[in-house]
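Worksheet: the structure to be examined is printed underneath.
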2 protein chains.
Amino acid sequence: MQQNQAAAELMTLRDREYKCGIDVTLALVGGKWKASILWHLAQETMRFSDLQRQFSDTTRKMLTQQLRELEMDGLVHRKVYPQVPPKVEYSLTEQGRTIFPILEMMCDWGRNYAQTGSQA
Amino acid sequence: MQQNQAAAELMTLRDREYKCGIDVTLALVGGKWKASILWHLAQETMRFSDLQRQFSDTTRKMLTQQLRELEMDGLVHRKVYPQVPPKVEYSLTEQGRTIFPILEMMCDWGRNYAQTGSQA
DNA sequence: TGTCGTGGTTTCCAAAAAGGTACTGTGTTT
DNA sequence: AAACACAGTACCTTTTTGGAAACCACGACA
């Protein structure tokens, strides 16, 4: 019963209300690519073209869209170098780094499930 | 670079392929209600009508749909009592319980983000 | 002058997820 | 005989996501 001590009040995020912290977390990283993007950025700062290579099965549009949202949510930092051709580097913010332990556990759990759980 | 040691091979789940454990995890609990359902069931076994009360802003249809998928994925156990009116109890399986630490972290992180992170 | 590379944006369309409403089955109670 | 309780199912619509293809800006370079 987590309600009792810490949450009767709703949480607000981008004009939506959530009852539970889990829903907030999923709203931030639950998209099809966001969690993976954060995971990869946790390993190293990457240029847009690096991300395109890593996520070769998505489109530029999706990548920029997800990155913009992560940036607005304060999880990712976008650094533009005033050059031609353009150079843009993406990295995690302090805030973004705090979610790493969760991503790590999700990665392990999912991998383990795929190996053993699905045929249990 | 998590690729190097543990994953070059793809993981398969319900006829889809995933490169990363994170994506597997999200496929299983990334739905709009699934993680919360698991979270509540981790606290206590619940009847369908209990869940309806907890998730009063969704429909019976969505609940059954999500529960069926969680059941198929081996995370939730469905026990039917042969009575009239019907009685059906939902609880976590062993497998389902293993995800609890992740849910707990997501709950804390999300709650913390909602309080402090969004105005940082 | 024309082409290249990077990091996008725009428009349009398809697929997937979520939601609404009505209907069902069946013992028990009134 | 009618209504109720519980746990659904069926059918259809709406909303949200994801994706394909084309276009853009701009300096460098041949």
Side-chain angles (χ1 to χ4, degrees), chain A residues 13-20 22-23 26-37 40-41 45-73 76-91, chain B residues 13-20 22-37 40-41 45-73 76-91:
Chain A
L13 182 66
R14 290 203 233 108
D15 301 333
R16 299 202 183 178
E17 307 213 307
Y18 301 90
K19 287 187 194 166
C20 175
I22 292 179
D23 297 331
L26 280 178
L28 290 169
V29 305
K32 188 165 178 185
W33 307 103
K34 285 184 181 177
S36 290
I37 289 173
H40 282 279
L41 291 182
T45 294
M46 294 175 94
R47 297 184 57 167
F48 187 78
S49 51
D50 296 330
L51 286 164
Q52 271 193 91
R53 265 182 290 281
Q54 272 298 329
F55 297 91
S56 56
D57 48 351
T58 187
T59 57
R60 275 189 302 285
K61 195 199 94 176
M62 285 310 297
L63 269 184
T64 38
Q65 201 176 94
Q66 307 286 297
L67 286 165
R68 285 291 183 286
E69 290 181 19
L70 289 170
E71 192 193 355
M72 287 193 314
D73 293 332
V76 156
H77 176 68
R78 176 166 177 268
K79 179 169 184 183
V80 181
Y81 293 80
Q83 301 179 353
V84 170
K87 175 177 175 182
V88 179
E89 276 183 355
Y90 290 93
S91 56
Chain B
L13 182 64
R14 289 201 234 106
D15 300 333
R16 298 202 182 177
E17 307 214 306
Y18 301 90
K19 287 187 194 166
C20 176
I22 292 179
D23 297 331
V24 174
T25 303
L26 281 178
L28 291 169
V29 306
K32 188 164 178 185
W33 308 103
K34 285 183 181 176
S36 291
I37 290 173
H40 283 279
L41 291 182
T45 293
M46 295 175 92
R47 297 184 57 168
F48 186 78
S49 51
D50 296 329
L51 286 164
Q52 270 191 92
R53 265 182 291 281
Q54 273 297 329
F55 297 91
S56 55
D57 48 352
T58 189
T59 58
R60 275 190 300 287
K61 200 203 90 178
M62 284 309 297
L63 269 183
T64 36
Q65 201 176 95
Q66 306 288 298
L67 286 165
R68 285 290 183 286
E69 290 181 18
L70 289 169
E71 192 193 355
M72 288 193 313
D73 293 332
V76 157
H77 176 67
R78 176 167 176 266
K79 178 168 185 185
V80 181
Y81 293 81
Q83 302 179 352
V84 171
K87 175 177 174 181
V88 179
E89 277 183 353
Y90 291 93
S91 56

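Convention: sequence-line order gives letters A, B, ...; per-chain numbering from 1.
Taking every heavy atom of both residues into account, Tyr90(B) and Leu41(B) meet most closely at O-CD2, 3.5 Å.
Residue order along DNA chain C, read from the 5' end via each residue's closest nucleotide, puts Pro85(A) first among Thr58(B) and Pro85(A). With DNA chain C read from its 5' end, the first of the two nearest nucleotides for Thr64(A) and Val84(A) is the one closest to Val84(A).
Rounding to whole angstrom units, CD of residue Gln52(B) and C1' of dC6(D) are separated by 8 Å. As rounded to whole Å, 11 Å separates atom C1' of dG8(C) from atom CG of Leu67(A). Taking atom CD of residue Gln65(B) and atom P of nucleotide dA10(D), one finds them 12 Å apart after rounding to whole Å. What separates CZ of Arg78(A) from C1' of dG8(C) is a distance of 8 Å, to the nearest Å. Regarding Leu51(A), its CG atom lies at a distance of 10 Å from the P atom of dG8(C), rounded to whole Å. Per the geometry, CH2 belonging to Trp33(A) stands 9 Å off P belonging to dG18(D), to the nearest Å. Straight-line distance from the CZ atom of Arg60(B) to the C1' atom of dC11(D): 15 Å, rounded to whole Å. What separates NZ of Lys61(A) from C1' of dT17(D) is a distance of 8 Å, to the nearest Å.
OP1 or OP2 of dG8(D) sits under 4.0 Å from a side-chain N or O of Arg68(B). Contact annotation: Arg47(A) reaches the phosphate of dG7(C) (side-chain N/O to OP1 or OP2, under 4.0 Å). Using a 4.0 Å cut-off, no side-chain N or O of Ser49(A) falls inside it from OP1 or OP2 of dG5(C). OP1 or OP2 of dG19(D) lies within a sub-4.0 Å distance of a side-chain N or O belonging to Lys32(A).
For the atom pair CZ of Arg16(A) and CG of Asp23(A), the computed distance is 12.0 Å after rounding to the nearest 0.5 Å. To the nearest 0.5 Å, atoms CD1 (Ile37(A)) and CD (Glu69(A)) are separated by 10.0 Å.
Contacts of Lys87(B) with the nucleic acid, taken as non-hydrogen atoms under 4.0 Å apart, involve only primed sugar atoms and P, OP1 or OP2. Nucleic acid contact class of Gln66(B) (heavy atoms, under 4.0 Å, all strands): sugar-phosphate only. Contact annotation for Tyr81(A): no contact, since no heavy-atom pair falls under 4.0 Å across all strands.
Distance from the side chain of Thr59(A) is smallest for dG19(D) among the nucleotides dG19(D), dG5(C), dA7(D). In the set dA16(C), dG19(D), dA7(D), the nucleotide with an atom closest to the side chain of Arg16(B) is dA16(C).
Arg53(B) has a carboxylate O that lies under 4.0 Å from a charged side-chain N of Asp50(B), or vice versa, which qualifies the two as a salt bridge.
In this structure, Phe55(A) and His40(A) have side chains that are in contact, with non-hydrogen atoms separated by less than 4.5 Å.
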